[in-house]
Student: 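I'd like to ask some things about the structure below.
Whatever order the structure lists them in is the order used to number ligands and atoms, beginning at 1.
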Amino acid sequence: MKIASLFSEKTVFSFEIFPPKKTAPIDTIYSTLEALQDLKPDFISVTFGAGGSGNGENTLAIARRLKERYGITPMAHLPCIHYTRTQIDTILAQFQENGIENVLALRGDRVEGMTPAEDFPHAADLVAYIHSRGEFDIAAACYPECHPEAPNLDTDIRYLKEKVDAGASHLITQLFFDNDIFYDFRYRAARAGIRVPIEAGIMPVTNRKQIERMVTMCGASLPRKFTKMVQRFENNPAALQDAGIAYAIDQIVDLVTDGVDGIHLYTMNNPYVARKISEAVGGILQAAPKC
Ligand code: FAD
């Protein structure tokens, strides 16, 4: 099923998972899939390491298993910066042979020691290329707090519009902890002529290390309510996990009440957390009228 068609029917609820590290056997993810499958998300996206080599095979294997064994629509991520057109053709052919119809087209981050391949310098180039083939539904990434390499948010949104014009049918945001930042971004995107659905990326924070990594990597702003919570419970992992789950639920309730197009939950491969949140917000997601 092509994901774009869902947004006119409902508030979409999706998960993101990642393949095990290259050194770990792929089977380590299968218990996670088993534990997530009865939550019945609208789709599950599977990340893909920008450096390639092996990780992409796992992305494909996991996406295929989601579809074949659990009947869950998969979305395969595809970062292009280190791939040539021929390599991208091979990967897309594999996706197609395995019935994967949805791709999150990404530039990917530069990998230290690797020279970019030059065929697809920006995600918009990959979106346009995949769109020209006509086989896939294409999503793209967006950044409510501005992509770290962009000079400012307006410029970043101008480039985002290029991805939409090139054929991205919906967008998924980088994680954020302050819903007002998302609302401001959504307003600016609409003002720039972006009319496709925007799913809000929500990451439940469950340990201190994870917060530090996330802030370094993507520069997400931390509202006072959030930092107070972390400081209060940082030495009590169980309490911090409970508080992080409650914080994510609170964000989602507010977003759904406001008429968000969809929620994309960064599960961090943690089925316990995904279950707690899904159970808490399932009713409101179903009750939310489509705006
Ligand atoms: P782009 O849209 O190409 O943007 C990258 C930068 O280039 C931005 O600063 C933009 O403003 C600028 N830009 C765009 N077009 C132009 C232009 N024509 N001229 C000049 N500048 C331009 N990474 C992975 O490796 N694997 C994954 O599985 C993965 N999954 C992700 C999922 C989500 C939902 C998100 C939000 C990110 C994910 N990433 C993943 C990270 C992503 O690859 C990085 O954030 C990367 O740095 C940017 O990718 P992009 O597709 O947004 O790039």
Student: On a heavy-atom basis, I'd like to know which of A123, G49, P79 is closest to atom 1 (P) of ligand 1.
Tutor: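 Among A123, G49, P79, the closest heavy atom to atom 1 (P) of ligand 1 comes from A123.
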Student: Going by distance alone, is a donor N or O of one side chain under 3.5 Å from an acceptor N or O of the other, for S14 and D42?
Tutor: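 The criterion, which ignores hydrogens and geometry beyond distance, is not satisfied for D42 and S14.
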Student: Among all protein non-hydrogen atoms, which one is nearest to atom 11 (O) of ligand 1, and what is the separation to 0.1 Å?
Tutor: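 The closest heavy atom on the protein side is D156 OD1, 2.6 Å.
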Student: Decide if atom CE of M217 counts as having more than 12 heavy atoms of other residues, nucleotides or ligands within a radius under 6.0 Å.
Tutor: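 Not more than 12 within 6.0 Å, no.
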Student: Does R195 reach the main-chain N or O of A190 with its side chain, forming a donor-acceptor pair under 3.5 Å?
Tutor: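 Between the backbone of A190 and the side chain of R195 there is a qualifying donor-acceptor contact (under 3.5 Å).
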Student: Which residue and non-hydrogen atom of the protein lie closest to atom 45 (O) of ligand 1, and at what distance in Å?
Tutor: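 The closest heavy atom on the protein side is Y143 OH, 2.7 Å.
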Student: Would you mind running through ligand 1 and noting each atom that sits below 4.0 Å from a heavy atom of T47?
Tutor: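 The atoms of ligand 1 under 4.0 Å from a heavy atom of T47 are 28 (O).
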Student: I'd like the name of whichever of E199, H77, M75, H147 reaches closest to atom 48 (C) of ligand 1 through any heavy atom.
Tutor: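 Among E199, H77, M75, H147, the closest heavy atom to atom 48 (C) of ligand 1 comes from H147.
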Student: Starting from atom 17 (C) of ligand 1, find the nearest protein heavy-atom neighbour and note its residue, name and distance.
Tutor: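 Result: Y159 CE2, 3.2 Å.
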Student: Please list, in number order, the atoms of ligand 1 under 4.0 Å from a heavy atom of Q174.
Tutor: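 Within the 4.0 Å cut-off of Q174, ligand 1 contributes 36 (C).
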Student: Taking N or O atoms only and a 3.5 Å limit, does G108 qualify as a polar contact for ligand 1?
Tutor: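 Among all N and O atoms of G108, at least one is under 3.5 Å from an N or O of ligand 1.
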Student: Quick one: do R186 and D258 make a salt bridge, cutoff under 4.0 Å?
Tutor: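 Counted as a salt bridge, because a side-chain N and a carboxylate O are separated by less than 4.0 Å.
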Student: Tell me the protein heavy atom at minimum distance from atom 47 (O) of ligand 1, and give that distance in Å.
Tutor: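 The protein heavy atom lying closest is D109 OD1, 2.5 Å.
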Student: Classify the ring geometry between H122 and Y159 as parallel (under 30°), tilted (30 to 60°) or perpendicular (over 60°).
Tutor: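 H122 vs Y159 ring planes: parallel.
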Student: To check your reading of the model: name the closest protein heavy atom to atom 36 (C) of ligand 1, its residue, and the distance in Å.
Tutor: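 Closest protein heavy atom to atom 36 (C) of ligand 1: A141 CB, 3.5 Å.
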Student: Name the closest protein heavy atom to atom 33 (C) of ligand 1, giving the residue it belongs to and the distance to 0.1 Å.
Tutor: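 Its nearest protein heavy-atom neighbour is Y266 OH, 4.0 Å.
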Student: Within a distance under 4.0 Å of any heavy atom of L104, pick out the atoms of ligand 1 and give their elements.
Tutor: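 Counting atoms of ligand 1 from 1, those under 4.0 Å from L104 are 32 (C).
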Student: Kindly give the heavy-atom pair with the smallest separation between I181 and S221, and that separation in Å.
Tutor: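 Nearest pair, atom of I181 first, then S221: CD1-OG, 3.8 Å.
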Student: Hey, is the main chain of L33 close enough, under 3.5 Å, to the side chain of Q37 for a donor-acceptor pair?
Tutor: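 Checked: no pair found.
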Student: Check ligand 1 against F48 and write out every atom of the ligand that is under 4.0 Å from a heavy-atom position of the residue.
Tutor: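 Every atom of ligand 1 under 4.0 Å from some heavy atom of F48: 24 (C), 25 (O), 26 (N), 27 (C), 28 (O).
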Student: At less than 4.0 angstrom from any non-hydrogen atom of A150, what atoms of ligand 1 do you find?
Tutor: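 Listed by number with element: 9 (O), 11 (O).
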Student: Charged N to carboxylate O below 4.0 Å: is that the case for R110 and E149?
Tutor: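 Yes.
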Student: Can you confirm whether more than 12 heavy atoms, excluding those of R133, are under 6.0 Å from its CZ atom?
Tutor: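 More than 12 within 6.0 Å, yes.
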Student: Can you list the ligand 1 atoms lying under 4.0 Å from a non-hydrogen atom of L106?
Tutor: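 Numbered from 1, ligand 1 contributes 27 (C), 28 (O), 29 (C), 30 (N), 31 (C), 38 (C), 40 (C), 51 (O).
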Student: Parallel, tilted or perpendicular: which describes the rings of F185 and F182, with under 30° parallel and over 60° perpendicular?
Tutor: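 Aromatic pair F185/F182 classed tilted.
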Student: At less than 4.0 angstrom from any non-hydrogen atom of E162, what atoms of ligand 1 do you find?
Tutor: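 So the atoms of ligand 1 that pass are 18 (N).
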Student: Less than 4.0 Å from atom 4 (O) of ligand 1, is there any heavy atom belonging to the protein?
Tutor: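 No.
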Student: Just going by heavy-atom distances, which of R107, K163, H122, H264 is nearest to atom 2 (O) of ligand 1?
Tutor: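 Ranked by closest heavy atom to atom 2 (O) of ligand 1, first place is K163.
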Student: Compare all side-chain heavy atoms of L153 with those of Y143 and state whether any distance is below 4.5 angstrom.
Tutor: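 Not in contact.
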